[in-house]
Amino acid sequence: MSTQSKTSCETIFSHELPCTPLDPETIAQREGKIKVAMIGLCGCWGCTLSFLDMDSRILGLLDKVTITRSSVTDVKRITERCTIGFVEGGVANDENIETLEHFRENCDILISVGACAVWGGVPAMRNQVSLTECLDEAYISSPTRVAGSADVIPHVDVPKITNKVYPAHEVVKMDYFIPGCPPDGDAIFKVLDDLANGRDVDLPTSINRYD
């Protein structure tokens, strides 16, 4: 999310915020490892839970892989170039576009994870109506609206909503796709394990899903 500086009104994106420098020992441990970054855009974060479903198996990869940022922390800044970037969620506002482009610029391999990133998923259901109708239903005609409140649709201090929800590959080039809502942890682990060990990605149908 972008924020407005009270003194200069300069727009600052969250991935541009300063981050705490790593200590020398941690930096030394990460040298030579494959750097991995993860991000969640517009979605339910179910794919993040699938990452966690890799459980202890991820420990076997830690001698080859280091995760520089994850959706759990929601720190969008990539401080150094990464080999692999995992993207969850569709593209529904200007901040999503900016963040996705930032990942494409800083990741050698970019992977769409889950239905929202692959084709838009549940958020793309709003593509069936106009943006005007969508905002009216959410803020003006909503059955959960507070009685007597003013007819106001937020337009400041929030990212500008796109006219439709886009899958990630319609905004930037994506290299691999892991379908599912959400995909199983087995599928995510298989892709990460293949790439970490220099193998061609081979995702068998036995652990793949499209629901």
Side-chain angles (χ1 to χ4, degrees), residues 1 13-15 36-54 67 69-72 74 76 78 82-138 158-196 199-211:
M1 181 181 294
F13 291 99
S14 55
H15 79 271
V36 178
M38 305 173 184
I39 189 66
L41 303 178
C42 178
C44 70
W45 287 54
C47 298
T48 296
L49 297 180
S50 289
F51 276 107
L52 299 178
D53 284 343
M54 289 189 286
I67 299 176
R69 68 147 330 275
S70 73
S71 300
V72 177
D74 198 33
K76 296 178 176 61
I78 297 180
C82 293
T83 302
I84 305 170
F86 288 94
V87 176
E88 168 194 358
V91 178
N93 59 48
D94 282 358
E95 182 196 11
N96 292 159
I97 295 174
E98 193 274 339
T99 300
L100 184 56
E101 290 176 343
H102 173 73
F103 261 62
R104 179 70 277 179
E105 291 170 1
N106 290 279
C107 296
D108 297 333
I109 298 171
L110 209 53
I111 304 171
S112 291
V113 182
C116 294
V118 172
W119 62 268
V122 171
M125 291 176 66
R126 77 167 169 89
N127 293 351
Q128 304 302 311
V129 299
S130 68
L131 183 57
T132 299
E133 292 176 282
C134 180
L135 293 174
D136 177 83
E137 179 65 23
V158 294
K160 182 179 178 181
I161 298 175
T162 52
N163 288 330
K164 60 175 286 187
V165 176
Y166 298 89
H169 68 272
E170 289 189 8
V171 178
V172 301
K173 179 182 181 296
M174 305 299 290
D175 300 294
Y176 295 101
F177 301 85
I178 307 177
C181 187
D184 289 333
D186 292 343
I188 297 174
F189 176 79
K190 180 65 167 60
V191 171
L192 180 57
D193 188 50
D194 282 347
L195 291 173
R199 300 189 297 263
D200 291 336
V201 173
D202 178 20
L203 194 57
T205 56
S206 60
I207 60 174
N208 214 348
R209 56 190 297 178
Y210 295 91
D211 59 341

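Because the structure is predicted, anything quoted here is derived from the model rather than measured. Values reported hereafter were calculated over all heavy atoms of this structure, with side chains retained and with hydrogens, waters and symmetry mates removed.
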Out of curiosity, [X] [atom1] to [Y] [atom2], how far, rounded to the nearest 0.5 Å?
X    : Y    : atom1 : atom2 : result
Y166 : L41  : OH    : CG    : 14.5 Å
N208 : D186 : CG    : CG    : 11.0 Å
M174 : I109 : CE    : CD1   : 11.5 Å
F51  : W45  : CZ    : CH2   : 11.5 Å
C134 : K164 : SG    : NZ    : 14.0 Å

Looking at residues at least two apart in the chain, or sitting in another chain, which of them share a salt bridge (charged side-chain N to carboxylate O under 4.0 Å, His left out) with [X]?
X    : value
R104 : D175
D136 : none
K190 : D194

Partners meeting side-chain hydrogen bond (donor to acceptor under 3.5 Å, both in side chains) with [X] (sequence neighbours left out):
X    : result
K160 : none
D193 : N197, R199
D53  : none
D184 : R209

| said: Going by the rule side-chain contact (heavy atoms from CB on, under 4.5 Å), which residues pair with A187 if we only count those two or more places apart in sequence or in a different chain? | reply: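 Applying side-chain contact (heavy atoms from CB on, under 4.5 Å) to A187 gives I178, L203.
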
| query | Can you name the residues that form a side-chain contact (heavy atoms from CB on, under 4.5 Å) with D200, not counting sequence neighbours? | reply |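 Residues passing side-chain contact (heavy atoms from CB on, under 4.5 Å) with D200: none at all.
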
Taking all atoms of both residues into account, what is the closest heavy-atom pair of [X] and [Y], and its distance?
X    : Y    : result
P179 : P183 : O-CB, 3.2 Å
I78  : H102 : N-NE2, 3.2 Å
G90  : N96  : O-OD1, 3.7 Å

| task | Quick one: which residue pairs count as a salt bridge (Lys or Arg N to Asp or Glu O under 4.0 Å) with a foot in residues 108-132, not counting sequence neighbours? | result |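 As it turns out, the salt bridge (Lys or Arg N to Asp or Glu O under 4.0 Å) pairs with a partner in residues 108-132, which skip direct neighbours, are R81-D108.
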
| field | Sub-4.5 Å side-chain heavy-atom contact between N106 and C82 | value |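 Not in contact.
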
| task | Determine whether C42 and N93 make a side-chain contact, defined as any pair of heavy atoms from C-beta on separated by less than 4.5 Å. | result |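 Sidechains of N93 and C42: no contact.
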
| message | Among L100, D94, T99, exactly one meets side-chain contact (heavy atoms from CB on, under 4.5 Å) together with I97. Which residue is that? | response |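 Going through the options one by one, the only one that passes is D94.
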
Kindly say whether [Y] contributes a backbone atom to a donor-acceptor pair with the side chain of [X] at under 3.5 angstrom?
X    : Y    : answer
N127 : V165 : yes
E170 : P167 : no
E101 : V172 : no

| said: F177: which residues meet the ring pair (Phe, Tyr, Trp, His ring centres under 6.0 Å) condition with it, sequence neighbours left out? | reply: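 Expected list: H169.
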
| query | Can you check side chain to side chain contact (heavy atoms under 4.5 Å, CB included) on L195 and I111, steps first, answer last? | reply | CA-CA 11 Å; L195 291 173; I111 304 171; 3.7 Å; yes

Exercise answer: donor-acceptor pairs, residues 112-123 side-chain atoms, under 3.5 Å, sequence neighbours excluded:
none

